[in-house]
Visitor: 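Let me begin by handing over the structure; questions about it come next.
Reminder, nothing fancy here: chain letters follow the sequence lines and each chain counts from 1. Not measured: the values here are computed from a predicted model.
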Amino acid sequence: MGKSINIIESTAVPVTIENIDTDQIIPARFLKATTRDGFGKNLFRDWRYENGDEQKPKPDFPLNNTAYSGKILIAGKNFGCGSSREHAAWAIKDYGFDVVVSSFFADIFKNNALNNFLLPVLVPESFLQELFELVHQDPAAEIEVNLENQYIKIVATGAKESFEINSYKKTCLLNGYDDIDYLLNMKAEIEAFEKQ
Amino acid sequence: MGNTLFDKIWDRHVVKTIAGGPSVLYIDKHFIHEVTSPQAFKGLEQRGLKVFRPKQVVATADHNVPTLNQHLPIKEALSRIQVEQLKKNCAEFGIELYGLGHPYQGIVHVIGPELGITQPGMTIVCGDSHTSTHGAFGTIAFGIGTSEVEMVLATQCLMQTRPKLMRINVEGNLNKGVVSKDIILYIIAQISASGATGYAVEYAGSAIRNLSMEARMTICNMSIEMGARCGMIAPDETTVAYIKGREFAPQGNAWEKAVSNWSTLYSDADAVFDKELHIKAEDIEPMITYGTNPGMGIGITGHVPALSEIDEREKPSFEKSLLYMGLNPGEHIKGRKVDYVFIGSCTNSRIEDLRMVASFVKGKKKAGNVEVWVVPGSRQVEKQAIEEGIHKVFEDAGFILRQPGCSACLGMNEDKIPAGKYCISTSNRNFEGRQGPGARTLLVSPLTAAAAAVTGEITDVRELI
């Protein structure tokens with residue numbers, strides 16, 4: 001897992017569909033692995049391939065459109081709803097994305113993404129639509145996501161939106177820190193709490 | 001200003017709050033299963049860690065297990081490896097496992113309550129979004145990802161941001177043929193699949209108070225389907241009566257103390273919620289979903305929305321959904337033929353659900369065009385169904401009573417609905433491919449499912465009772 005993120009400047013892949021649930025991101029039949037690796041090849045599996053056949057990619061699906069590439073996934077509102085499977089975040093990260101931009105994220109997905117150094121960037125619906133339009137018209141358009149200064153910017157026009165992230169999580173992402181390390185260092189406090 | 005039920009439980013579990021960040025929340029009970037735990041145990045091994053409080057962790061195998069011939073080795077290699085890995089991990093880290101063959105085995109959200117492990121006032125997590133089920137007992141219970149499973153195994157704590165609070169009041173009496181599943185499908189249809197994202201939801205009101213624990217669990221179970229962090233109901237006499245005498249319920253003095261503690265768990269009269277909704281129970285009719293998220297629900301006599309009723313921006317997703325479902329905008333779906341009926345899942349596989357179905361189908365036969373699967377939520381539910389003769393009713397009706405597991409709710413094992421087929425299902429999700437690639441799911445109550453099993457089509461159960 002690529003640890004620590006800050007500035008990502010990249011082209012983007014637009015998936016305009018709303019309410020994308022984690023069953024679409026990674027169908028249940030691919031959850032039988034006992035490791036975290038290799039989920040990227042099954043990302044959006046049933047939307048990517050005809051009858052699940054890797055030889056028959058569906059040409060309409062953005063991941064199959066060679067014009068689109070990059071480290072930023074832009075998706076319709078309520079992204080990542082449904083099942084808590086962290087495999088969804090693993091699949092997106094493993095495919096090569098570092099950022100997901102949407103106008104609304106499901107809670108569990110957002111936590112899972114953050115725990116895997118996949119940055120969820122929440123933007124207003126109007127800006128999301130602006131991004132979709134931009135990338136549809138010019139797939140080579142560059143987008144800058146700046147975690148340190150908490151903004152997302154269309155490089156060509158300079159159009160910019162700020163995004164929220166709590167300062168604790170921001171520090172974790174910038175420095176490659178895990179929650180688990182923080183909690184392990186609190187063992188004494190946790191034991192004291194148990195005795196209360 | 002008074003405290004909410006949520007505040008009271010949350011505040012008792014905060015070990016520390018990080019400035020500008022989340023709180024460190026202590027977790028009382030942690031349920032694990034074979035699908036979302038292997039990578040967490042691997043993480044512990046890599047860090048050279050032990051499970052911090054193994055006695056507070058309970059494991060079962062449910063997502064990936066066959067529901068026929070459970071005494072035989074699992075045929076499918078990857079499923080077998082996952083179930084065996086769980087067994088190995090539990091043995092190595094000292095965790096109690098109710099695995100295949102154990103009399104307590106079953107769907108994690110069915111066994112926790114039925115064994116009396118789930119108790120009011122607790123914080124409960126599991127690597128499964130339907131952990132919200134346990135909130136029916138007045139707990140803060142929510143689903144987590146595998147990295148978080150690892151954190152809880154290692155430290156019994158999690159980093160959590162405090163959610164906003166919503167109360168949904170359902171007042172009045174339910175109409176004939178309307179059950180708790182219809183209440184929650186109605187609520188989700190009202191506020192959408194993302195309407196409660198960022199909120200912890202408390203359900204209140206006379207219609208909720210009048211429900212059994214099983215029925216309350218169905219409601220809390222589907223809280224996640226509107227995006228809620230968790231769903232909860234204040235404990236009352238119904239809760240106490242349900243827990244009393246169960247395997248892991250407190251005994252003797254501990255019981256008295258527990259009950260007195262539970263009696264403090266309610267939202268104070270002057271508690272304030274960030275959002276409050278009021279629903280009249282009599283407005284609810286038997287519900288059914290027509291689309292590919294649980295918010296796409298209508299009354300059984302209603303119609304699929306016409307294109308003119310859909311917001312311009314949402315049209316592409318709406319049309320994609322109907323194309324998948326093979327339904328047309330504006331059509332009435334009552335009377336449409338179905339192919340499968342699935343009665344099961346952590347939403348509706350408890351003994352009360354099976355009793356409800358059995359009392360309706362007794363003396364009736366399933367329609368020739370449908371296959372009907374009944375999958376009990378646990379070994380205990382299965383045993384009780386047999387003791388009560390419910391299995392005979394199903395057998396006579398031509399239903400197949402299978403063995404406990406998540407089964408066709410998520411189609412991870414071999415219980416899949418074929419592509420293009422319609423399945424009337426008591427489960428919780430109608431997502432594309434959820435019950436198998438290309439499968440078309442219509443979510444309903446156990447009663448509406450039983451009616452469809454008998455008629456072979458989408459049916460208004462009120463016409464048959």
Visitor: Between A/Asn166 and B/Gly20, which heavy-atom pair has the shortest distance, and what is it?
Guide: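 Closest pair (atom of A/Asn166, atom of B/Gly20, distance): CB-O, 3.3 Å.
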Visitor: Any residues in residues 134-161 of chain A near chain B, with a heavy-atom distance under 4.5 Å, and which are they?
Guide: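 If one takes a 4.5 Å heavy-atom cut-off, no residue of residues 134-161 of chain A lies near chain B.
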Visitor: For atom NZ of B/Lys75, decide whether the heavy atoms of other residues, nucleotides or ligands shown that lie under 6.0 angstrom number more than 12.
Guide: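 No, the 6.0 Å shell around NZ holds no more than 12 heavy atoms from other groups.
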Visitor: If I compare all heavy atoms of B/Pro38 with all of A/Ala33, which pair ends up nearest, and what's the gap?
Guide: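 Closest pair (atom of B/Pro38, atom of A/Ala33, distance): CG-O, 4.3 Å.
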Visitor: Using the test side chain to side chain donor-acceptor pair (under 3.5 Å), find all partners of A/Asn6 that sit at least two apart in sequence or belong to another chain.
Guide: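 Here no residue qualifies.
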Visitor: Where do B/Ala19 and A/Ser167 come nearest, in terms of heavy atoms and distance?
Guide: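 Smallest interatomic distance, heavy atoms only, reads O-OG, 4.0 Å.
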Visitor: Give me each pair satisfying salt bridge (charged side-chain N to carboxylate O under 4.0 Å, His left out) with a member in residues 15-29 of chain B, each pair once, sequence neighbours excluded.
Guide: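 Found none.
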Visitor: Once salt bridge (charged side-chain N to carboxylate O under 4.0 Å, His left out) is applied, what residue pairs with a partner in residues 108-129 of chain A remain, sequence neighbours excluded?
Guide: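 Qualifying pairs, neighbours excluded: A/Glu125-B/Arg313.
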Visitor: With a 4.5 Å heavy-atom cut-off, do B/Pro316 and A/Ile17 have their side chains touching?
Guide: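 No, every pair of side-chain atoms sits at 4.5 Å or beyond.
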Visitor: With side-chain hydrogen bond (donor to acceptor under 3.5 Å, both in side chains) as the test, would you mind laying out the steps for B/Gln39 and A/Trp90 before giving the verdict?
Guide: CA-CA 11 Å; B/Gln39 294 88 350; A/Trp90 297 337; over 6 Å; no
Visitor: Can you find a heavy atom in the side chain of A/Leu31 that is under 4.5 Å from one in the side chain of B/Met412?
Guide: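 With C-beta onward as the side chain, the pair touches.
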Visitor: Search all heavy atoms of B/Cys157 against all heavy atoms of A/Leu183 and return the closest pair with its distance.
Guide: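 Answer, listing the atom of B/Cys157 first, then A/Leu183: O-CD1, 3.6 Å.
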Visitor: Evaluate side chain to side chain contact (heavy atoms under 4.5 Å, CB included) for B/Ser79 paired with A/Lys32, printing each intermediate quantity in order.
Guide: CA-CA 6 Å; B/Ser79 302; A/Lys32 300 191 185 201; 2.9 Å; yes
Visitor: Looking at A/Ile108 and B/Ser129, what are the two nearest heavy atoms and their distance?
Guide: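 In this case the closest contact between A/Ile108 and B/Ser129 is CD1-CB, 4.1 Å.
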Visitor: Please flag which part of B/Ala419 lies under 4.5 Å from any non-hydrogen atom of chain A: side chain, backbone, both or neither.
Guide: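 Answer is neither: B/Ala419 stays 4.5 Å or more from chain A.
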Visitor: Is it true that a side-chain atom of A/Asp107 and a backbone atom of B/Gly198 form a donor plus acceptor pair closer than 3.5 Å?
Guide: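 Checking the backbone N and O of B/Gly198 against the side chain of A/Asp107, a donor-acceptor pair under 3.5 Å is found.
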Visitor: Relative to chain A, which segment of B/Arg12 carries a heavy atom at a distance below 4.5 Å: side chain, backbone, both, or neither?
Guide: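 Just its backbone gets close to chain A.
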Visitor: Measure the CG-OG distance between B/Asp128 and A/Ser83 for me, rounded to the nearest 0.5 Å.
Guide: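 It is 7.0 Å, given to the nearest 0.5 Å.
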Visitor: Are the charged groups of B/Glu150 and A/Arg36 less than 4.0 angstrom apart, N to O?
Guide: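 Yes.
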Visitor: Chain A heavy atoms under 4.5 Å from B/Ser317: which part of the residue, side chain, backbone, both or neither?
Guide: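 Contact with chain A involves the side chain of B/Ser317 alone.
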Visitor: Grab the two heavy atoms, one from A/Gly82 and one from B/Ile224, that are nearest each other, plus how far apart they are.
Guide: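 Answer, listing the atom of A/Gly82 first, then B/Ile224: O-CG1, 4.1 Å.
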Visitor: Can you say whether B/Glu314 sits under 4.5 Å from chain A via the side chain, the backbone, both, or neither, judging by heavy atoms?
Guide: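 Both parts, backbone and side chain.
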Visitor: With the side chain counted from C-beta on, respond yes when A/Thr34 and B/Leu78 share a heavy-atom pair under 4.5 Å apart, and no when they do not.
Guide: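 Result no, sub-4.5 Å side-chain heavy-atom pair not found.
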Visitor: Return the CD1 to CD1 distance between B/Ile27 and A/Ile190, rounded to the nearest 0.5 Å.
Guide: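 Rounded to the nearest 0.5 Å, the CD1-CD1 separation comes out at 10.5 Å.
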Visitor: Pick one of side chain, backbone, both or neither for B/Val14, based on which atoms fall under 4.5 Å of a heavy atom in chain A.
Guide: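 For B/Val14, the backbone is the part near chain A, not the side chain.
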Visitor: Tell me, for B/Phe318 versus chain A, whether the close heavy atoms (under 4.5 Å) come from the side chain, the backbone, both or neither.
Guide: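 No part of it gets close to chain A.
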